[in-house]
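Computed from a predicted structure; not experimentally measured.
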Protein chains: 2
Amino acid sequence: MSTSPITGTRLFRSLAPEKRDKVFRAAVREFASKGYRNASMNSVVKVARISKGSLFQYFRTKRDLFDGVVEMAVIEVKNYLKQVREDTNNMSFFDRLSRLIRAGFEFIDNHPLLARIYFHLIQSGETPFGVERMLQLHKLSDEFMADLIRDAIGRGEIRSDLDVERVAFLVNSLMETLLRAYYTEFMASGLGLYRGDGAELDRWIETFLELVSRGMEVPRDAEKFRACT
Amino acid sequence: MSTSPITGTRLFRSLAPEKRDKVFRAAVREFASKGYRNASMNSVVKVARISKGSLFQYFRTKRDLFDGVVEMAVIEVKNYLKQVREDTNNMSFFDRLSRLIRAGFEFIDNHPLLARIYFHLIQSGETPFGVERMLQLHKLSDEFMADLIRDAIGRGEIRSDLDVERVAFLVNSLMETLLRAYYTEFMASGLGLYRGDGAELDRWIETFLELVSRGMEVPRDAEKFRACT
DNA sequence: CCGGTCAATGACCACTCGGTCATCCTAATC
DNA sequence: GATTAGGATGACCGAGTGGTCATTGACCGG
């Protein structure tokens with residue numbers, strides 16, 4: 001969760017875990033609050049209370065350090081998705097969706113900095129990554145949603161005439177907006193979503209599910225009803 | 001559209017329109033491609049082929065220049081919203097929504113740089129603006145959508161039990177995602193949305209409307225159907 | 001032809017950035 | 001105690017930043 005022995009130079013990986021964590025945490029904090037370009041190695045050094053030379057012996061470049069942090073964040077997100085999938089395997093689609101969002105809120109509560117890095121990464125084009133890597137990241141969550149939808153179609157819970165990939169993209173982006181607005185002050189704080197309490201979040205989830213399940217249109221079952229009489 | 005005599009120092013406003021445009025365009029280009037913090041006054045100077053001293057006589061600070069550019073972008077967006085509202089005044093809600101998105105695509109085609117600045121502004125927290133100003137910007141489009149929805153409810157076109165503000169926020173964010181993915185390579189280029197042609201875009205709009213109008217759930221009129229037989 | 005006005009100019013300032021490297025320090029080995 | 005190996009250190013580098021200001025020169029009324 002906090003230590004990641006995969007990244008950095010041999011020297012960094014052979015460091016005492018406590019020191020390794022100190023450095024890594026400082027890096028996470030810095031990138032989370034400033035993004036990639038505006039993050040400063042000098043700041044990391046200051047916060048971690050090590051010398052600049054040491055940091056560059058642990059990570060050859062700023063880019064390397066960022067890669068390490070991102071890798072860790074992505075692993076964390078993957079685990080969270082996997083966990084939700086397992087926990088909700090036998091639920092109905094919309095219950096699953098509900099749990100997915102709720103777990104998202106919890107993830108943000110538990111790893112606010114990692115969440116910030118992850119969302120910053122997939123939303124702002126200012127990352128140093130190539131297009132390929134970015135597409136791959138988006139596919140991670142989009143494909144997850146698509147799988148959930150396909151499952152539900154297989155079980156006859158939702159309409160089978162849906163364009164799965166497209167709908168998955170839309171529903172997923174809707175969910176991501178919800179999560180982002182939960183920790184972003186200027187998006188929907190007037191609507192009680194920003195750092196909302198449990199009850200407030202429940203109302204949002206309900207509205208969200210209502211929208212994607214039944215839609216906004218006035219139910220038109222009157223026609224079929226008429227047809228059978 | 002291109003000239004905005006509102007911003008900058010008296011000197012700037014009294015410049016020959018052609019020169020004023022040259023400077024302003026260079027600034028728009030710079031901010032659009034690099035965001036606020038990473039934009040460089042030196043770059044603007046180079047592109048506009050004026051001296052650095054001059055630029056700082058036209059705009060006292062980088063921040064002032066950015067404010068001017070943003071103000072212009074926001075005005076442009078407001079006009080576009082107003083235009084759509086007028087053009088679609090007598091249409092049904094979902095037709096209006098369709099037109100709104102289509103107009104959004106066109107706006108991006110016609111003002112790619114302004115669109116970039118606008119979306120960059122409302123999505124990335126790295127702007128120099130205060131929270132108040134950001135909230136205000138979000139409310140601009142959210143309130144627009146809320147009005148459309150209230151209209152439609154008044155006409156009985158969509159369900160009256162909707163939580164208007166919340167639904168407006170969700171639908172609006174969905175639309176914004178669609179627009180953003182249209183010019184952002186790494187979001188959904190695998191799904192044909194990125195710079196998609198007319199037919200491709202039509203399919204996306206259709207999927208979008210299907211989702212928000214009828215939802216994903218299997219129509220449950222079967223019960224009523226059974227009840228009447 | 002003069003004096004005055006004012007926009008244009010780019011050298012310059014203090015600062016920050018990512019990154020380097022000669023030097024120092026410590027701890028183990030002989 | 002002497003030698004050595006290797007991690008820690010921070011002064012230093014070149015580049016780039018936003019911003020300033022003394023100087024220049026074009027223009028204009030008298």
Side-chain angles (χ1 to χ4, degrees), chain A residues 5 7-70 117 126-129, chain B residues 3 5 7-70 126-129:
Chain A
T7 37
T9 61
R10 259 156 290 165
L11 174 57
F12 178 71
R13 292 197 299 273
S14 72
L15 240 47
E18 136 193 307
K19 184 170 190 178
R20 216 168 43 197
D21 273 17
K22 192 178 61 176
V23 174
F24 208 76
R25 263 191 246 271
V28 166
R29 213 174 107 178
E30 179 70 7
F31 284 123
S33 67
K34 308 207 192 142
Y36 175 70
R37 291 204 64 160
N38 296 118
S40 158
M41 296 298 264
N42 294 327
S43 285
V44 174
V45 158
K46 228 172 284 171
V47 171
R49 291 200 227 208
I50 58 173
S51 71
K52 199 165 174 179
S54 287
L55 181 56
F56 278 91
Q57 262 177 334
Y58 301 155
F59 295 88
R60 264 178 293 271
T61 64
K62 179 186 184 182
R63 179 59 205 274
D64 275 1
L65 178 55
F66 185 65
D67 284 353
V69 168
V70 165
I117 288 174
E126 62 122 9
T127 90
F129 292 144
Chain B
T3 310
T7 39
T9 62
R10 260 155 287 166
L11 175 56
F12 177 70
R13 292 198 298 273
S14 71
L15 241 47
E18 133 194 308
K19 184 170 190 178
R20 217 167 43 196
D21 274 17
K22 193 178 61 177
V23 174
F24 208 77
R25 263 191 246 271
V28 166
R29 213 174 107 179
E30 180 70 6
F31 284 122
S33 67
K34 307 206 192 142
Y36 175 69
R37 292 203 64 159
N38 297 117
S40 159
M41 297 297 265
N42 294 325
S43 285
V44 174
V45 157
K46 227 173 284 171
V47 169
R49 291 199 224 209
I50 60 173
S51 71
K52 199 165 173 178
S54 287
L55 181 55
F56 277 91
Q57 262 179 333
Y58 301 156
F59 295 88
R60 263 178 294 271
T61 63
K62 179 185 183 183
R63 179 56 205 275
D64 276 359
L65 179 55
F66 185 64
D67 283 354
V69 168
V70 165
E126 63 122 10
T127 88
F129 291 145

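- Rounded to an integer number of Å, the gap from NZ of B/Lys22 to C1' of C/dA8 is 12 Å.
- Per the geometry, CZ belonging to A/Arg63 stands 16 Å off C1' belonging to C/dG19, to the nearest Å.
- Annotation for A/Val23 and A/Ala48: closest pair CA-CB, 4.1 Å, computed over non-hydrogen atoms.
- Using modelled atom types, one side-chain atom of A/Arg13 and one backbone atom of A/Gly8 make a donor-acceptor pair closer than 3.5 Å.
- Of the listed residues (A/Gln57, A/Lys19, A/Arg20), just one forms a side-chain contact (heavy atoms from CB on, under 4.5 Å) with A/Phe12, and that residue is A/Arg20.
- Between B/Lys19 atom NZ and C/dA7 atom P there is a gap of 11 Å when expressed in whole angstrom units.
- If you check every strand for non-hydrogen atoms under 4.0 Å, B/Phe59 touches nothing.
- As a whole-Å value, the separation of B/Phe56 CZ from C/dA7 P is 18 Å.
- Between B/Tyr58 and C/dA8, a side-chain N or O to OP1/OP2 separation shorter than 4.0 Å is present.
- The OG atom of B/Ser54 sits 12.5 Å away from the CZ atom of B/Phe59 when rounded to the nearest 0.5 Å.
- Counting any heavy atom pair closer than 4.0 Å across all strands shown, B/Lys52 reaches a base atom.
- Sequence order on DNA chain C of the closest nucleotides to A/Arg60 and A/Ser40 puts A/Ser40 first from the 5' end.
- When heavy atoms are screened at a 4.0 angstrom cut-off, B/Ser54 is found touching base atoms of the nucleic acid.
- Across the protein-nucleic acid pair, A/Phe66 atom CZ and C/dG18 atom P stand 13 Å apart, rounded to whole Å.
- Nucleotide C/dC12 holds its C1' atom 17 Å from the CE atom of B/Met41, rounded to whole Å.
- For B/Lys34 and B/Glu30, the salt-bridge test passes: some basic side-chain N is under 4.0 Å from an acidic carboxylate O.
- Both A/Gly53 and A/Tyr36 sit near DNA chain C, but only A/Tyr36 has its closest nucleotide nearer the 5' end.
- Note: CD (B/Gln57) to P (D/dA22) measures 13 Å, nearest angstrom.
- One can place CZ of B/Arg49 at 18 Å from C1' of C/dG10, the figure rounded to the nearest angstrom.
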